[in-house]
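Throughout, numbering of the chain's residues begins at 1 and tracks the sequence.
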Amino acid sequence: MNDLFFTGGVFGGTRGARVVPPKKGVFPLDHECELEKKDYLNCLKTSGHQLETCREFSKKYLRCRMEK
């Protein structure tokens, strides 16, 4: 029973372990729908982040991601 404490605890985790996020660009969706993403982000930037103004761009981007 004491071995649980030496192997990372009951749930297998280690407290204090440093979590490292994945590298940017490692997921396939990061490279697909690039045009739709740029259009949407450009709309947000030029509209002062007014979501209602960019709703159609958002729909196109999300639709593209769902199809991939």
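Between Glu36 and Lys60 the shortest heavy-atom distance is CG-O, 4.1 Å.
Applying the side chain to side chain contact (heavy atoms under 4.5 Å, CB included) test to Gln50 and every residue at least two apart in sequence or in another chain returns Ser47, Thr53. Applying the side-chain hydrogen bond (donor to acceptor under 3.5 Å, both in side chains) rule to Glu52 yields the partners Arg55; only residues at least two apart in sequence or on another chain are considered. Not counting sequence neighbours, the partners of Thr46 by the side chain to side chain contact (heavy atoms under 4.5 Å, CB included) test are Asn42.
Remark: Glu67 CD to Cys33 SG distance equals 8.0 Å, nearest 0.5 Å. We find the NZ-SG distance between Lys45 and Cys54 to be 13.0 Å, quoted to the nearest 0.5 Å. Note that NZ of Lys37 is 13.0 Å distant from CG of Leu62, once rounded to the nearest 0.5 Å. Taken to the nearest 0.5 Å, the OH atom of Tyr61 stands 7.5 Å off from the CG atom of Leu41. Atoms SG and NE2, on Cys43 and His49 in that order, are 10.5 Å from each other to the nearest 0.5 Å.
Grouping the Ile, Leu, Val, Met, Phe, Trp and Tyr side chains by contacts below 4.5 angstrom, directly or via other members, places Tyr40 apart from Met66.
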